[in-house]
Amino acid sequence: MSIGGWGLSFVSVRLSKKWLSIDEARGLLRGNLGVFALADAQQSTRYIGYAGGKSLFGLKGEVAAAVQALPAVTFVRWEVTTSYLSRYKELLMLHHYDYGELPPDNPPPAAITLGKLRPAG
Amino acid sequence: MNLELTEEQDLVIAMVRRFVREEILPLEYDLDPDADELDAADRARLIEKTKAMGLYGLDIPPAFGGPDIDLVTRTLMAVEMAQHRAGLYAPCYGTFGGAGLAQLFEATEEQKEKYLYPTLRGEKRGFFGLSEPSGGSDPARAIQTKAVQDGDDWIINGGKLWISGADKAQYGLVFARTANDKGRNGVTCFIVDTDTPGFAVRRIVHTLRSAHYATELSFEEMRVPASNILGELNKGFAIANDRLTKQRIPYAAGCIGVAIKAQEMALEYVPQRETFGAPLSSRQSIQWMLVDNEIDIKQSLWITLEAAAKAERGENFRKEAAMAKLVATEAGGRVVDRCMQMFGGLGVAKDLPFERWFREMRIRRIGEGPSEVQRHVIARELLGSSLR
């Protein structure tokens with residue numbers, strides 16, 4: 001179904017943005033709300049995070065803090081969205097669907113109950 | 001009509017109000033502004049408190065172990081329980097417990113053993129699968145999901161949209177067309193285990209509401225035993241309709257609770273905030289906003305309580321429930337909008353809850369049947385069979 005050129009499901013289920021090196025990303029990240037993923041040199045996702053309403057400097061601040069805590073990560077990609085919490089949960093569930101576990105550097109979230117997704121694509 | 005609360009109602013409401021202010025609000029200070037869940041330890045601790053208060057499992061009928069609370073008091077409690085940031089979609093973060101899907105109280109004993117009792121014990125969760133991409137307000141005609149009998153089983157194909165909690169559920173109620181009759185007499189309600197081959201939660205549907213999201217489901221050659229039909233074959237519409245009517249009262253109550261809290265915050269703020277050398281409260285434009293808020297809140301509250309009172313007496317409350325849903329969701333939106341205006345920049349920042357309430361309140365005019373459908377229901381009740 002498409003209305004005005006917009007499909008009913010226009011959001012890609014998976015985070016499909018291009019991976020950028022941490023250095024490349026530094027100049028591009030802004031203080032927006034959103035979600036992000038960090039990966040190692042093989043571009044395997046190590047961590048999924050979000051910048052929410054309490055994040056200082058939004059994505060820029062959250063990515064910087066995560067990179068500092070996880071020195072092994074070398075790539076980042078992100079998506080600006082105000083639906084950061086539902087998108088964050090969706091990305092964790094998708095990762096679990098794809099790999100049978102959460103990203104290795106993601107501690108089990110204490111205040112979040114994750115469900116099960118089985119995406120079409 | 002007695003407009004005074006009984007002593008018992010006063011006590012219960014004061015208890016819930018204290019719980020929200022002393023237990024819920026302090027926790028929200030550290031949570032993300034869009035959060036709809038508590039840390040597991042906090043949640044367990046608060047559930048022990050609501051159990052000690054004798055108020056856990058509010059919507060469970062007394063015959064099944066729930067507290068014996070009349071619908072008017074229950075509605076007043078729902079108004080109180082919504083008076084915090086997550087109050088619209090996660091009142092008190094579920095620490096008063098849930099009753100699961102009310103339709104299961106009418107299930108067969110075998111179905112109750114498998115689905116209802118584990119739900120009441122907190123071991124299973126269910127979802128309500130009615131709406132489809134083709135629409136949710138007119139389920140009798142919009143349902144395209146089909147079930148075809150194959151021996152002792154039914155094979156279901158189709159999909160659902162805007163379904164809450166399906167990704168975390170162990171089972172759900174799925175409404176499917178079982179007869180060629182395109183109207184209400186061809187729909188059946190099936191209890192479906194979410195680990196059934198062919199069942200899939202395809203995606204989260206992202207909306208204005210970041211927490212308590214909806215999902216999209218698909219069913220491909222999903223085989224369900226005939227023993228999992230809830231109620232009678234081709235009589236599923238009545239189950240859906242009954243649920244939609246009952247749900248309108250707590251839905252309205254939540255909006256009223258948030259509106260009351262927003263108004264309370266505005267009343268605290270406007271005498272303090274000065275512009276051009278005088279407090280905001282001295283400005284007639286502000287005073288009128290507060291007056292309009294108060295009228296919106298009182299009208300919604302009384303209409304909603306009347307619906308609850310009629311339901312409690314066992315009378316037909318379809319018209320009153322639709323009026324409550326219509327008036328409270330629209331009034332709630334206006335109240336939150338006016339309060340944002342009074343707070344200025346602070347009103348739209350995530351520091352305060354108005355922006356979240358504003359987004360979530362907008363959904364309330366659409367969810368559980370939009371305002372236009374409520375007007376249609378009311379007109380049908382007024383005009384009866386003369387309406388075509």
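Every chain is numbered from 1 and lettered A, B, ... according to where its sequence line falls, protein lines coming before strand lines. Here the structure is a predicted model, which means the values were calculated and not measured.
- The nearest pair of heavy atoms linking A:S83 to B:S210 is C-OG, 3.4 Å.
- Rounding to the nearest 0.5 angstrom, the gap separating the CD atom in A:E90 from the OH atom in B:Y213 is 8.5 Å.
- Annotation for A:F57: atom CZ does not count as buried by contact number, only 12 or fewer foreign heavy atoms lying within 6.0 Å.
- In B:Y56, the OH atom is crowded: over 12 heavy atoms of neighbouring residues, nucleotides or ligands sit closer than 6.0 Å.
- Across every non-hydrogen atom of A:S86 and B:H206, the tightest pair is OG-ND1, 2.9 Å.
- Side-chain contact between A:K54 and B:P33 is present, with at least one heavy-atom pair separated by less than 4.5 Å.
- For A:Q68, the CD atom sits in a loose shell: 12 or fewer heavy atoms of surrounding residues, nucleotides or ligands are nearer than 6.0 Å.
- Counting non-hydrogen atoms of other residues, nucleotides and ligands closer than 6.0 Å to CD of B:E23 gives a total above 12.
- Within 6.0 Å of atom NZ in B:K124, more than 12 heavy atoms from other residues, nucleotides or ligands are found, so the atom counts as buried in its surroundings.
- For B:K350, the part lying near chain A is the side chain, with the backbone staying farther off; criterion is any non-hydrogen pair under 4.5 Å.
- Looking only at distances, a side-chain donor or acceptor of B:D32 sits under 3.5 Å from a matching main-chain atom of A:G53.
- To the nearest 0.5 Å, the span separating NZ on A:K116 from CG on B:D195 amounts to 7.5 Å.
- The structure places CG of A:L114 at 8.5 Å from CG of B:D167, a figure rounded to the nearest 0.5 Å.
- Only the side chain of B:R125 comes within contact range of chain A, with at least one heavy atom under 4.5 Å from a heavy atom of that chain.
- For a residue to count as touching a neighbouring chain, one of its non-hydrogen atoms must lie under 4.5 Å from one of that chain's; by this rule A:L33 touches chain B with the side chain only.
- If you measure heavy-atom distances from B:D351 to chain A, you find no contacts under 4.5 Å at all.
- Contact annotation for B:T207: only backbone heavy atoms (N, CA, C, O) come within less than 4.5 Å of a heavy atom of chain A.
- With a 4.5 angstrom heavy-atom cutoff, B:Y93 does not touch chain A via any of its atoms.
- In this structure, A:M93 and B:V201 have side chains that are not in contact, with every pair of non-hydrogen atoms separated by 4.5 Å or more.
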